[in-house]
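What follows is a short report on a single structure.
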Amino acid sequence: MIEIKDLSVTFGSSTAVRNASFSVAEGESFGLVGESGSGKSTILRTIMGLNWNWSGTIRVADLDPARTPRKTLARVVQMVFQDPYASLHPRYVIGHQIAEPMVINAIPNVQRRTAELLDLIGLPADFQFRYPHELSGGQRQRVAIARALALSPRVLLLDEPTSALDVSIQAEILNLLNRLRRELNLTFVLVSHDLAVISYMCERLMVMRNAAPVETLTREQLRAGDVADGYSRQLLAAS
């Protein structure tokens with residue numbers, strides 16, 4: 001579903017990602033871990049087509065983000081951002097924000113589909129008339145997930161989707177994402193600094209440091225502490 005080869009991303013004279021390569025099978029959940037500034041989120045934004053100064057190869061369902069029309073790419077891959085409040089417009093009701101991608105893409109039965117998406121994420125249909133400030137952090141993140149699913153994408157890019165939430169709510173969102181992956185046959189790429197979250201959510205993961213990949217591990221290797229690189233061992237010990 002996703003194939004990344006020798007991806008490098010620069011911002012002016014700074015290199016944000018250096019020679020990153022990995023692949024993700026259809027239906028798999030793949031994790032990116034590492035310290036802040038290691039390039040994890042930059043990879044997601046580049047896959048999504050939000051960064052343009054990059055080299056290497058990116059394929060998402062055989063599409064190249066640099067050569068694919070925006071609407072076409074949006075029907076295949078969507079992103080859920082870290083801060084659910086910042087990713088929602090404060091002056092629009094929830095229903096409008098979930099429906100907007102469908103309206104832009106001329107998808108029929110928008111109102112019915114909006115209600116179905118709210119039901120899918122576990123919120124009552126009347127929540128579509130509420131504003132973001134009237135919802136809790138966990139409810140706002142559920143809305144962000146519903147909006148990401150509005151165009152029925154095959155891939156979700158998850159940029160620390162629970163780090164801005166209370167600990168008591170984090171498990172609810174992670175369980176929701178796991179259920180949606182099973183029911184909708186979604187493919188995930190999940191960025192997190194929390195190895196427990198990665199272990200729970202992902203079959204494989206790539207450790208990054210200083211903009212470059214360190215090593216790729218399976219969930220079983222992570223849980224057993226079977227890591228080859230010294231930095232990975234430090235990361236595991238710190239967690």
Side-chain angles (χ1 to χ4, degrees), residues 1-3 24-29 44-52 58-159 161 172-190:
M1 183 60 73
I2 300 173
E3 187 74 32
V24 187
E26 183 175 2
E28 185 183 11
S29 180
L44 294 196
R45 294 177 64 85
T46 306
I47 295 173
M48 193 69 220
L50 300 178
N51 294 325
W52 292 101
I58 300 176
R59 290 290 184 273
V60 183
D62 290 329
L63 299 177
D64 180 348
R67 295 177 172 84
T68 303
R70 198 89 179 123
K71 286 186 178 181
T72 302
L73 186 65
R75 285 176 174 264
V76 175
V77 56
Q78 286 286 328
M79 190 162 172
V80 177
F81 296 90
Q82 179 176 3
D83 186 346
Y85 193 71
S87 68
L88 298 174
H89 198 297
R91 296 187 180 182
Y92 289 130
V93 294
I94 294 307
H96 176 95
Q97 303 196 54
I98 295 175
E100 187 173 25
M102 295 183 281
V103 172
I104 291 171
N105 286 271
I107 293 176
N109 303 314
V110 169
Q111 285 189 320
R112 186 181 70 187
R113 174 68 174 155
T114 299
E116 290 173 351
L117 286 166
L118 285 170
D119 181 65
L120 186 66
I121 60 166
L123 292 178
D126 62 1
F127 266 58
Q128 64 187 294
F129 305 111
R130 299 190 183 187
Y131 290 90
H133 73 269
E134 298 178 297
L135 275 59
S136 68
Q139 289 170 338
R140 287 195 290 265
Q141 193 62 298
R142 287 173 184 266
V143 170
I145 293 168
R147 182 180 58 184
L149 295 173
L151 300 181
S152 301
R154 301 169 66 187
V155 176
L156 281 190
L157 308 177
L158 306 164
D159 190 4
E172 293 181 11
I173 299 300
L174 295 177
N175 287 333
L176 170 64
L177 288 168
N178 269 336
R179 176 174 65 81
L180 292 172
R181 181 162 72 103
R182 291 193 306 269
E183 293 179 357
L184 304 177
N185 192 32
L186 295 168
T187 301
F188 287 172
V189 181
L190 170 65

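Note: hydrogens, waters and symmetry copies are ignored here, and every other heavy atom, side chains too, is used.
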Donor-acceptor pair, side chain of [X] and main chain of [Y], under 3.5 angstrom:
X: Arg45; Y: Leu50; result: no
X: Asn105; Y: Ile107; result: no
X: Gln97; Y: Tyr92; result: yes
X: Thr187; Y: Gly27; result: yes

Partner residues of [X] under the side chain to side chain contact (heavy atoms under 4.5 Å, CB included) criterion, sequence neighbours left out:
X: Arg91; value: His89
X: Arg179; value: Leu120, Leu176, Arg182, Glu183
X: Ala66; value: Trp52, Trp54, Asp64
X: Asp159; value: Ser41, Leu44, Met79, Val191

message = Please give me the minimum heavy-atom distance between Ile47 and Leu73, naming the atom from each residue.
response =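 Nearest heavy atoms, Ile47 then Leu73: O-CD2, 4.3 Å.
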Is there a side-chain contact between [X] and [Y], using heavy atoms and a 4.5 Å cut-off?
X: Thr72; Y: Pro69; value: yes
X: Pro65; Y: Met48; value: no
X: Glu116; Y: Arg112; value: yes
X: Lys71; Y: Ile104; value: yes
X: Glu28; Y: Phe188; value: no
X: Arg59; Y: Ile2; value: no

How many angstroms lie between atom [atom1] of [X] and atom [atom2] of [Y], to the nearest 0.5 angstrom?
X: Ile94; Y: Leu88; atom1: CD1; atom2: CG; value: 5.5 Å
X: Leu158; Y: Gln82; atom1: CG; atom2: CD; value: 12.0 Å
X: Leu186; Y: Ser29; atom1: CG; atom2: OG; value: 10.5 Å

message = Does anything in residues 108-158 form a ring pair (Phe, Tyr, Trp, His ring centres under 6.0 Å)? List the pairs, not counting sequence neighbours.
response = none
query = Counting heavy atoms not belonging to Glu134, are there more than 12 under 6.0 Å from its CD?
reply =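 Enclosed: over 12 neighbouring heavy atoms sit under 6.0 Å from CD of Glu134.
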query = Would one find more than 12 heavy atoms of other residues, nucleotides or ligands at under 6.0 Å from atom CG of Asp62?
reply = no
inquiry  = As a quick check of understanding, evaluate side-chain contact (heavy atoms from CB on, under 4.5 Å) for Leu117 and Met102, giving each step before the final call.
reply    = CA-CA 12 Å; Leu117 286 166; Met102 295 183 281; 4.2 Å; yes
Return all side-chain donor-acceptor pairs below 3.5 angstrom for residues 141-157, not counting sequence neighbours, or 'none' if the list is empty.
unit_1: Gln141; atom_1: NE2; unit_2: Phe81; atom_2: O; d: 3.3
unit_1: Gln141; atom_1: NE2; unit_2: Pro161; atom_2: O; d: 2.6
unit_1: Arg142; atom_1: NH1; unit_2: Ile121; atom_2: O; d: 2.5
unit_1: Arg147; atom_1: NH1; unit_2: Ser87; atom_2: O; d: 3.0
unit_1: Arg147; atom_1: NH2; unit_2: Ser87; atom_2: O; d: 2.8
unit_1: Ser152; atom_1: OG; unit_2: Arg113; atom_2: NH2; d: 3.3

request  = Walk me through it: do Gln139 and Leu123 pass the test side-chain contact (heavy atoms from CB on, under 4.5 Å)?
outcome  = CA-CA 8 Å; Gln139 289 170 338; Leu123 292 178; 4.0 Å; yes
